[in-house]
Amino acid sequence: MSTPEAPKDFIRTIVAEDLASGKHETVVTRFPPEPNGYLHIGHARAICLNFGIAEEFGGRCHLRLDDTNPAKEEARYVAAIQEDIRWLGYDWGEHLYYASDYFETLYQWAEHLIEHGKAYVDEQDPETIRAQRGTLTEPGVESPYRDRPKEESLDLFRRMRAGEFPDGAMVLRARIDMASPNLNLRDPVIYRILHKPHPHAGDQWCIYPMYDFAHGQSDAIEGITHSLCSLEFENHRPLYDWFLDNLPVPHRPRQIEFARFNLSYTVMSKRKLLRLVEEGRVSGWDDPRMPTLSGLRRRGYTPSSIRSFMAKTGITKTGGTVEVALLEATLRDELNETAPRRMAVLRPLKLTITNWPAGRTVPVEVPNHPGRPELGTREVPFGGSLWIERDDFREEPPKKFFRLAPGREVRLRYAFNVVCDEVVKDASGRVVELKCRYDPESRGGGGRKVKGIIHWVSAEHGVPAEVRLYDHLFRLPDPEAEGDFLEALNPASLETVRAVLEPALAAAGAGERFQFERAGYFWPDPIDHRPEAPVFNRIVALRDSWAKIEKKGG
RNA sequence: UACCCGAUGGUGUAAUUGGCAACACAACAGGUUUUGGUCCUGUCGUUCCAGGUUCGAGUCCUGGUCGGGUAGCCA
């Protein structure tokens, strides 16, 4: 399942070298999400990287829930995380781990540090500890407890575990260097008291290790060779290595950092996504406009398009913003190849053929994919009463508009040419119907060549449906550029229309993706669609060069 | 005026590790087409700056500029 043309990035280069030099016999990576929220497309990069490398080099990739903080984590996220990773196409086999399963070992290692004079219990309150940490330009101040006898620290630490002290009463700190220019090395807190049951470990702990004291050690326990994380952990690497240097770990992993990525027209932080959900700006974590994997899945994105997108954007240490246009182009590329074509009228306008024999219906043979004849054809019923796209008619056509207008001729795709003779309006002046004349000689493309070709659905046979037209959630490339990102929300990110589908679409099965000709790629909404009440989502629109021409001319 | 990291078209990545700056997306111009889709062709760069080494520098050296990260008992 490896993604084609995967670029050889600096991390893969390191892995290849470590394998070639014999430093490692096999590569072991891990994807370590904290179960405190839903996975988004930013996580997909880490997933594709870690699982991708394991796959390409014949190693393995572990799924590890990084659950060291019961105050923020919930068991319900674990299932969602697994579902998202599987959906993306990756499998951790039996290698499902929890950092919390290592708590006992971690605890023993903490005592080991104390016994070697490399950790101490600090009874100062959080404010004092913070004040003593110093600033970016000034060194910190040593805690008065820093040099207390190790026996005393050991006793206190054991009593911390036994639950003798309330939350915040004291912490265990690594004893490193309060003057280090790297703040992470200024005697970091490694254990805190938290009288809170743990979603995975249950109620056996009331002290919990901090990330820094858990991550590298977990890597070591699992035999991880390359521990890949995002750039913001770069400053933590010296600490990561310090623990490995000072603990009797069974293995030596290496941390390598890569740049996180940003996508234009969206936000990625869990906090902001949560706000969208909580304030009801979207329908939930799986709203098709959300950059979450569950949102993209519901929207209709294919996992392969996301993997391929990740391969195209590559892995570097340069922070940047990828244009959503690339994601969309990647999806279109795939769907153009694979999606069967259908006709659907999104904003229906009645077209009546005045010279069509009353009550007559003829089947029109239509290819399922013009570029792939092997996909066969289907019959679409054609009659004298049709729906066409409202946008395909202009009473006063602008320059370069070559669709229908009074007196103009267009081809009804795969069927006949028609000329518009009369425009019918209602009392308010709104166009409600076009009366046209068809050319019996023009069937299937015979007769005059015309510039305009439009799609249609027989009014008698068409199936009404709700169609949800999704657009970017934000109207600015960088929603957080200025002020509140909510002000950048795109008011038109969802438009729901009452459309009419060609009959064949009524039988669409779950998971089937189609191109609605001239409109875009669509699929039945996985939750709301029912055969008797169809609901389709627009996954992505087709490129629309007429819209560009019109925008320029207007 | 701390420490760490980064800088190549509008965007994201390449460049045989010192040898003609390449690919994709976007934009623009044209061609093909029973989807204004697809497909095809073309256009779009002082490789952050200044010096230096070299026959030759995106790549090496020195200095600078700009951008990002870091002061949770979050991860």
Side-chain angles (χ1 to χ4, degrees), chain A residues 5 7-9 32-34 36 66-69 71-73 99 122 125-126 129-131 133-140 167-173 180-186 188-194 207-208 210-212 214-215 229-238 257 259 261 264 270 309 312-330 332-333 336-337 341 343 366-367 369-371 400-403 411-415 417 444-445 449-455 477 515-520 541-550:
Chain A
E5 93 222 9
K8 182 112 172 163
D9 50 74
E34 182 186 16
N36 70 341
D66 210 347
D67 56 352
T68 55
N69 185 3
K72 292 194 172 175
E73 297 143 10
D122 194 340
D125 58 73
I129 291 179
R130 189 185 320 130
R133 189 154 21 232
T135 68
L136 294 175
T137 51
E138 301 156 29
D167 289 4
M170 53 189 74
V171 291
L172 184 67
R173 290 228 256 168
S180 171
N182 183 336
L183 307 229
N184 293 122
L185 262 21
R186 316 240 264 228
V189 171
I190 59 179
Y191 261 95
R192 75 280 221 188
I193 300 172
L194 211 55
I207 57 171
Y208 294 95
M210 299 286 289
Y211 164 86
D212 286 309
H215 204 93
C229 63
S230 47
L231 244 30
E232 67 230 83
F233 292 101
E234 217 159 17
N235 294 330
H236 292 243
R237 183 160 18 101
E257 311 84 17
F261 92 170
S264 64
K270 274 184 189 172
F309 171 66
K312 285 181 188 178
T313 53
I315 298 290
T316 60
K317 300 192 71 162
T318 322
T321 301
V322 181
E323 293 176 339
V324 255
L326 181 58
L327 212 210
E328 293 166 347
T330 305
R332 282 196 200 101
D333 261 0
N336 176 49
E337 201 55 36
R341 315 280 123 127
M343 290 198 284
V366 174
H369 190 127
K400 291 184 182 167
F401 181 88
F402 40 81
R403 281 119 82 153
R411 172 168 294 122
L412 297 172
R413 188 152 157 90
Y414 298 121
N417 285 13
K449 212 167 168 73
V450 290
K451 269 194 135 178
I453 297 161
I454 66 176
H455 61 277
Q515 183 193 103
F516 289 2
E517 295 218 25
R518 304 209 303 135
L542 245 33
R543 280 175 56 184
D544 187 350
S545 33
W546 163 243
K548 277 185 209 164
I549 295 169
E550 194 179 26

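Everything numeric in this text was worked out from a predicted model, so none of it was measured.
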Fill in the blank from the handout: The ring pair (Phe, Tyr, Trp, His ring centres under 6.0 Å) partners of A:His236 (sequence neighbours excluded) come to A:Phe233
Exercise for the section: Name all residues meeting the ring pair (Phe, Tyr, Trp, His ring centres under 6.0 Å) criterion together with A:His215; count only those two or more places apart in sequence or in a different chain, and write none if there are none. Expected result: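 Testing A:His215 for ring pair (Phe, Tyr, Trp, His ring centres under 6.0 Å), a comparison that skips the adjacent residues, returns A:Tyr211.
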Base, sugar-phosphate, or nothing for [X], non-hydrogen atoms under 4.0 angstrom?
X: A:Thr135; value: base
X: A:Glu34; value: sugar-phosphate
X: A:Gly168; value: base
X: A:Asp167; value: nothing
X: A:Phe401; value: base
X: A:Thr330; value: nothing
X: A:Thr316; value: sugar-phosphate
X: A:Tyr208; value: nothing
X: A:Arg237; value: nothing
X: A:Met210; value: sugar-phosphate

Fill in the blank from the handout: Taken in chain and number order and not counting sequence neighbours, the residues that satisfy side chain to side chain donor-acceptor pair (under 3.5 Å) with A:Thr321 are none
Handout entry: Contacts of A:Glu517 that satisfy side chain to side chain donor-acceptor pair (under 3.5 Å) - sequence neighbours left out
Key =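 Once residues adjacent in sequence are excluded, the partners of A:Glu517 under the side chain to side chain donor-acceptor pair (under 3.5 Å) criterion are A:Arg413.
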Problem - From A:Ile453 atom CD1 to A:Phe402 atom CZ, the distance as rounded to the nearest 0.5 Å - result: 9.5 Å
If every non-hydrogen atom of [X] is compared with every non-hydrogen atom of [Y], which pair is closest and at what distance?
X: A:Thr330; Y: A:Phe309; result: CG2-N, 3.9 Å
X: A:Thr135; Y: A:Leu183; result: O-CD2, 4.3 Å
X: A:Ser230; Y: A:Glu232; result: OG-OE1, 2.6 Å

Fill in the blank from the handout: 5' to 3', nucleotides 65-70 of chain B under a 4.0 Å protein heavy-atom cut-off (B base, S sugar-phosphate only, - none) gives ----BB
Who passes salt bridge (charged side-chain N to carboxylate O under 4.0 Å, His left out) against [X], sequence neighbours left out?
X: A:Glu73; value: none
X: A:Arg192; value: none
X: A:Arg341; value: none
X: A:Arg237; value: A:Glu257

Practice task
With RNA chain B as reference, determine whether A:Ala415 or A:Val189 sits nearer its 5' end, using the nearest nucleotide of each.
Solution key: A:Ala415
Fill in the blank from the handout: Sorted by position of nearest nucleotide on RNA chain B, 5' first, the leading residue of A:Gly134 and A:Asp212 is A:Gly134
Side chain of [X] - closest among [options]:
X: A:Ile453; options: B:A14, B:G36, B:G72; result: B:G36
X: A:Pro370; options: B:G12, B:U35, B:G72; result: B:U35
X: A:Thr318; options: B:G72, B:G37, B:U13; result: B:U13

Expressed as a whole number of Å, how far does the [atom1] atom of [N] sit from that of [M]?
N: B:G6; M: B:C48; atom1: C1'; answer: 12 Å
N: B:A14; M: B:C60; atom1: P; answer: 15 Å
N: B:U62; M: B:U54; atom1: C1'; answer: 16 Å
N: B:C28; M: B:G64; atom1: C1'; answer: 38 Å

Handout entry: side-chain N/O A:Arg413 vs B:G36 OP1/OP2, d < 4.0 Å
Key = no
Handout entry: Phosphate-side-chain proximity, A:Ser180 and B:C3, N/O vs OP1/OP2 below 4.0 Å
Key = no
Problem - Any donor-acceptor N/O pair under 3.5 Å between B:U35 base and A:Gln515 side chain - result: yes
Practice task
Measure distances between side-chain N and O atoms of A:Arg403 and base N and O atoms of B:G36, and say whether any donor-acceptor pair falls under 3.5 Å.
Solution key: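 Side chain to base: pair present.
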Practice task
May I ask you to test the A:Asp212-A:Pro188 pair for a side-chain heavy-atom distance under 4.5 Å?
Solution key: no
Would you tabulate the pairs of protein nitrogen or oxygen atoms and nucleotide nitrogen or oxygen atoms of nucleotides 26-28 of chain B closer than 3.5 angstrom?
residue : atom : partner  : partner atom : Å
B:A27   : OP1  : A:Lys548 : NZ           : 2.9
B:A27   : OP2  : A:Lys548 : NZ           : 3.3

Completion exercise
note: A:Leu327, atom CG; B:U11, atom C1'; distance rounded to Å ~ 13 Å
Practice task
Would you kindly give the CZ-to-C1' distance between A:Phe261 and B:U11, to the nearest whole Å?
Solution key: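 My rounded result for the distance is 13 Å.
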Exercise for the section: Stems involving RNA chain B: give each as a range paired with a range, ordered by first number, where a stem means at least three consecutive Watson-Crick or G-U wobble pairs under 3.5 Å. Expected result: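 Ordered by first number, the stems with RNA chain B (at least 3 consecutive pairs each) read B:2-7 with B:65-70, B:10-13 with B:22-25, B:27-31 with B:39-43, B:48-52 with B:60-64.
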Completion exercise
Assigned chi class of B:G56 under the 90° convention is anti
Exercise for the section: Please work out whether B:U70 sits syn or anti, treating a glycosidic angle within 90° of 0 as syn. Expected result: anti
Handout entry: Partner set under side chain to side chain contact (heavy atoms under 4.5 Å, CB included) for A:Leu542, not counting sequence neighbours
Key =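 Applying side chain to side chain contact (heavy atoms under 4.5 Å, CB included) to A:Leu542 gives A:Gln515, A:Tyr521.
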Practice task
May I ask whether A:Tyr211 stacks on the base of B:A75, given the cut-offs of 5.5 Å between ring centres and 30° between planes?
Solution key: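 The base of B:A75 is not stacked with A:Tyr211 (the test needs centres under 5.5 Å and planes under 30°).
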